[in-house]
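Below you'll find the structure, written out as structure tokens, and then a few comments.
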Number of protein chains: 2
Amino acid sequence: MPTPTMTAELSSTLRMAVMRLARRLRAERADTSLSLSQMAALGSLVRFGSLTPGELAEVEKVQPPSMTRTVASLEARGLVSRMPHPQDRRQVLLTATPEAEAMVRADRRRRDAWMSQRLSELTPAEREKLRAAAEILERLADA
Amino acid sequence: MPTPTMTAELSSTLRMAVMRLARRLRAERADTSLSLSQMAALGSLVRFGSLTPGELAEVEKVQPPSMTRTVASLEARGLVSRMPHPQDRRQVLLTATPEAEAMVRADRRRRDAWMSQRLSELTPAEREKLRAAAEILERLADA
DNA sequence: TATTGTTATACTCTATAACTATA
DNA sequence: TATAGTTATAGAGTATAACAATA
């Protein structure tokens with residue numbers, strides 16, 4: 001039964017551990033030739049399929065002109081292709097190319113591999129504790 | 001007893017939950033008048049006490065010229081003061097002013113408050129699971 | 001008129017290279 | 001000579017404001 005003080009300490013400890021672990025994971029990028037923003041945009045395109053520039057800007061929480069620039073650099077590298085929108089000729093549909101999908105998958109694999117390696121160094125009981133917590137952390141992130 | 005597949009799934013689930021939660025926490029900044037880099041530099045100064053610009057650059061993982069600029073902006077706002085190094089006249093000692101310390105504490109309090117609120121909405125059993133995992137997550141971040 | 005996307009422009013953060021002062 | 005810090009300059013990412021095309 002947690003006292004207020006114990007809960008306050010948990011907040012602080014958990015917050016710092018999560019921030020530091022995230023920072024560590026961010027450092028495990030597979031392909032440093034793409035910036036984080038570029039890789040994130042590509043990841044969203046792969047995840048959601050075709051999106052318009054406006055939708056992609058909204059998903060990535062940036063303004064449309066910023067996404068215009070990001071998309072232009074990805075397009076120049078052959079990682080994004082654009083098609084006319086079937087109904088609305090003002091809009092454009094962006095899609096990740098097969099090469100881009102492969103890069104996104106490789107990036108995910110590499111981060112998973114780092115985490116897997118760390119997890120394999122734990123005891124089964126410790127892994128079980130993380131498993132129990134993972135689902136709760138997911139809910140916290142959505143809150 | 002985890003099979004390889006179960007461990008792989010845990011890696012992926014845990015990694016994504018941590019990244020998303022970190023992202024959420026980053027959005028809970030108290031004072032948006034300071035950029036993340038500025039607040040981080042200030043946080044390190046408060047944490048370590050007086051540092052030279054070179055040491056601060058190393059802690060923050062940026063190059064010295066970048067830190068020169070960050071420090072200059074903080075100094076202009078009265079958040080950092082500089083003193084000559086007692087032994088080596090090439091070096092400078094940077095210290096966070098009392099106002100800066102208050103800002104750093106307020107920032108931490110706000111992030112802790114958000115986390116506390118989320119934790120208070122959980123059941124005692126769920127909090128206990130997070131408590132058990134927090135210490136393991138800390139070790140992962142250091143690995 | 002409203003909406004979608006782009007262009008023009010500026011600011012911030014980062015970097016590398018060159019410079020100054022001191023050791 | 002080597003080191004600590006700064007200045008000069010450039011590139012990436014972001015923003016707001018203005019514009020063009022289409023609805």
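The sequence lines fix the lettering, A, B, ..., with proteins before strands; numbering per chain opens at 1.
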Boundaries of the DNA chain C segment in contact with chain B, non-hydrogen, under 4.0 Å:
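Nucleotide range with atoms under 4.0 Å of chain B: C/dC13 to C/dA23.
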Hey, does A/Asp107 have a side-chain heavy atom less than 4.5 Å from the side chain of A/Met103?
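The answer is no; the side chains never approach within 4.5 Å.
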Test item: A/Gln117 and A/Ser120 side chains (from C-beta on) under 4.5 Å apart, heavy atoms
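Heavy-atom side-chain distance check passes, below 4.5 Å.
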A/Ser116 side chain vs B/Ser11 backbone, donor-acceptor pair below 3.5 Å:
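Looks like no, no N/O pair under 3.5 Å.
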Please tell me whether A/Thr95 and A/Ser50 have a donor and an acceptor in their side chains that are separated by less than 3.5 angstrom.
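On atom types as modelled, these side chains qualify, holding a pair under 3.5 Å.
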Check whether any side-chain N or O of A/Thr70 sits under 4.0 Å from OP1 or OP2 of D/dT14, and answer yes or no.
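For A/Thr70, the contact criterion (side-chain N or O under 4.0 Å from OP1 or OP2 of D/dT14) is met.
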Per the salt bridge (Lys or Arg N to Asp or Glu O under 4.0 Å) rule, what does the pair list look like for residues 55-81 of chain A, sequence neighbours excluded?
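Listed once each, the pairs are A/Glu75-A/Arg82.
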What pairs of residues pass the salt bridge (Lys or Arg N to Asp or Glu O under 4.0 Å) test when at least one of them lies in residues 13-27 of chain B, not counting sequence neighbours?
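Of all non-adjacent pairs touching residues 13-27 of chain B, those that pass salt bridge (Lys or Arg N to Asp or Glu O under 4.0 Å) are A/Asp112-B/Arg15, A/Asp142-B/Arg20, B/Arg24-B/Glu28.
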Do the charged groups of B/Glu128 and B/Arg131 touch, with an N to O distance under 4.0 Å?
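Between B/Arg131 and B/Glu128 there is a salt bridge, with a charged N closer than 4.0 Å to a carboxylate O.
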Could you tell me whether B/Lys129 and B/Glu126 make a salt bridge, using a distance below 4.0 angstrom between a side-chain N and a carboxylate O?
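No salt bridge links B/Lys129 with B/Glu126.
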If you take any heavy atom closer than 4.0 Å to DNA chain C, which residues from residues 72-82 of chain B end up in contact?
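Listed by number, there are none.
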Below 4.0 angstrom, which residues in residues 36-54 of chain A have at least one non-hydrogen atom near DNA chain C?
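DNA chain C contact set from residues 36-54 of chain A: A/Thr52, A/Pro53, A/Gly54.
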Heavy-atom contacts, protein to nucleotides 15-23 of chain D, under 4.0 Å, summarised as B (base), S (sugar-phosphate only) or - (none) per nt, yield BBB---BBS
According to a hydrophobic-cluster definition based on side-chain heavy atoms being under 4.5 Å apart (Ile, Leu, Val, Met, Phe, Trp, Tyr only), do [X] and [Y] belong together?
X: B/Val92; Y: B/Leu74; answer: yes
X: A/Phe48; Y: A/Leu42; answer: yes
X: A/Leu10; Y: B/Leu122; answer: yes
X: B/Met19; Y: A/Ile136; answer: yes

